[in-house]
Amino acid sequence: MKILVLNCGSSSFKYQLIDMDNEKVLAKGTYERIGEGNSFLTHKVNGEKYVLENPVDSHKDAIDFALKQLTNPEYKVIDSLDEISAVGHRIVHGGEKFNKSVLIDDEVIKAIKECIPLAPLHNPAGLLGIEACQKEIPGVKMVAVFDTAFHQTMKKEQYIYPLPYEYYEKYGVRKYGFHGTSHMYVSRRVAEMMGEDIKNLRIINCHLGQGASLCAIKYGESYDTTMGLTPLGGIPMCTRCGDLDPSIVTFLMKNENMTADEVEKVLNKKSGVLGISGVSPDFRDVEAEKSNGNERACLAIENYNYNVAGFISKFAMAMDGVDVITFTAGIGENQIKIRKGICEHLKFLGVEIDDEANNVRSEERLISTKNSKVKVYIVPTNEELMIARDTKELISK
Ligand code: AMP
């Protein structure tokens with residue numbers, strides 16, 4: 001059974017075609033800069049990369065072009081689109097309506113539309129992907145997999161904000177959390193690696209990428225997470241600020257004469273590690289500057305490690321202890337010094353890192369010492385595989 005996974009952003013989309021008989025990726029790619037006049041597709045098959053320039057104005061045309069490459073005899077991926085059994089769509093926001101993945105029908109599309117105010121950039125892009133598939137491969141079953149669904153197990157005292165209750169009732173202002181597919185994949189995978197039943201484990205997963213969130217996974221379910229109403233909250237990120245004193249927003253509006261949109265842009269695009277260091281949003285550059293003695297680069301990294309460790313400590317409290325800490329995504333998988341720096345703050349929990357084991361990038365591995373009271377692992381995430389597995393399960397029912 002072959003499943004196509006689509007992840008649509010506002011001006012880009014990523015895809016993977018996965019053979020679910022052996023979970024092998026047959027082809028994958030990214031279409032960038034849709035509607036910007038210089039769009040191109042990077043199509044990868046068997047480790048070979050093909051960059052195909054093809055300006056398109058819409059997701060429909062971009063998806064149409066990508067699908068043509070899947071059947072293009074030059075790349076020998078599939079002979080016909082009929083071989084695609086189903087499409088799994090990553091949808092960012094499912095609000096309170098979806099606590100698991102669902103088969104897409106008119107009702108589901110309507111509900112995704114209703115969640116647009118909660119994710120004004122992301123949900124419309126997901127809908128464009130669904131519409132494009134309805135036109136290009138009509139009749140193929142489709143599944144929606146929501147970033148928010150995994151966190152619907154949080155208790156109300158964890159997700160409610162201390163604001164007038166009417167905003168929760170009127171607009172659904174509450175903590176939702178994101179990266180649910182990654183948190184679910186990593187927690188299940190680490191339980192498998194340990195040969196333990198996930199129902200016996202308290203796991204804290206650190207998904208540290210451009211966007212970053214932590215999740216406390218208690219006995220297999222999301223118990224708490226760092227992102228909130230939107231993916232701006234929680235730990236500091238590459239360019240996003242994470243949690244702040246909320247008065248900073250009105251302070252900037254008054255003192256810098258900024259509009260709400262301008263403040264939003266600063267908090268999303270100019271803050272976090274980039275904002276403090278002034279160097280770059282990329283941790284590789286900031287680490288290099290830190291080694292050159294750049295004080296602000298050093299400060300940005302210290303602040304990052306302190307905040308991540310702070311949330312890990314809070315979640316350990318929330319679950320009455322922690323058995324496993326996992327690191328995943330670009331930074332979590334690759335930044336040796338960041339993992340070490342975060343864990344240095346966690347000695348009080350009995351966390352002890354094995355420096356030799358930690359000296360690795362993007363590999364599934366235990367990186368804590370034998371004596372460490374909490375096990376620490378690197379587990380490369382695989383959101384696409386998780387989406388494909390959910391899709392397979394739903395269409396097989
Ligand atoms: P993601 O959003 O998961 O792709 O993570 C992106 C971030 O991960 C980048 O900004 C880098 O800081 C970091 N990163 C990605 N690859 C590497 C690598 N090979 N070595 C060190 N850091 C990396």
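Being a predicted model, the structure only gives us computed values, none of them experimental. Nothing fancy with the numbering, it's 1 onward along the sequence. Order of appearance sets the numbers: ligands from 1, and atoms from 1 within every ligand.
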Side chains of Ser213 and His183, donor plus acceptor under 3.5 Å: yes

Angle between ring planes, Tyr168 versus Tyr159, binned at 30° and 60°: parallel, tilted or perpendicular? tilted

Identify which of Asn334, Thr239, Ile338 has a heavy atom lying nearest to atom 17 (C) of ligand 1. Asn334

Which protein heavy atom lies closest to atom 11 (C) of ligand 1, and at what distance to 0.1 Å? Asp282 OD1, 3.3 Å

Show me, pair by pair, the donor-acceptor contacts under 3.5 angstrom made by side chains of residues 20-29, not counting sequence neighbours?
| unit_1 | atom_1 | unit_2 | atom_2 | d |
| --- | --- | --- | --- | --- |
| Asp21 | OD1 | Met1 | N | 3.0 |
| Asp21 | OD2 | Met1 | N | 3.2 |
| Asn22 | OD1 | Lys24 | N | 3.1 |
| Glu23 | OE1 | Arg389 | NH2 | 2.9 |
| Glu23 | OE2 | Arg389 | NE | 2.8 |

Could you list the atoms of ligand 1 found under 4.0 angstrom from a heavy atom of Gly209? 1 (P), 2 (O), 3 (O), 5 (O)

Side chain, backbone, both or neither: the part of Gln335 lying under 4.0 Å from ligand 1 by heavy atom: side chain

Looking at atom 2 (O) of ligand 1, is any protein heavy atom nearer than 4.0 Å to it? yes

Decide whether an N or O pair under 3.5 Å exists between Gly330 and ligand 1. yes

Among all protein heavy atoms in this structure, tell me which lies nearest to atom 12 (O) of ligand 1, with the distance rounded to 0.1 Å. Phe283 N, 2.9 Å

Can you confirm if the NZ or CZ of Arg188 lies within 45° of the ring axis of Tyr185 and under 6.0 Å from the centre of its six-membered ring? no

Between Glu333 and Ser362, does any side-chain donor sit less than 3.5 Å from a side-chain acceptor? yes

If you count the atoms of ligand 1 from 1 in the order shown, which ones are under 4.0 Å from a heavy atom of Gln210? 1 (P), 2 (O), 5 (O), 6 (C)

Any non-hydrogen side-chain atom of Tyr75 less than 4.5 Å from a side-chain atom of Asn46? no

Return the closest protein heavy atom for atom 7 (C) of ligand 1 as residue, atom name and distance. Ile331 CG1, 3.9 Å

Check the side chains of His43 and Tyr15 for a donor-acceptor pair under 3.5 angstrom, ignoring hydrogens and angles. yes

Relative to the heavy atoms of Ala329, which atoms of ligand 1 are at a distance of less than 4.0 Å? 3 (O)

Side chains of Asn54 and Tyr31: any donor to acceptor distance under 3.5 Å? yes

Interfacing atoms of ligand 1 (cut-off 4.0 Å, heavy-atom, Arg361): 20 (N), 21 (C)

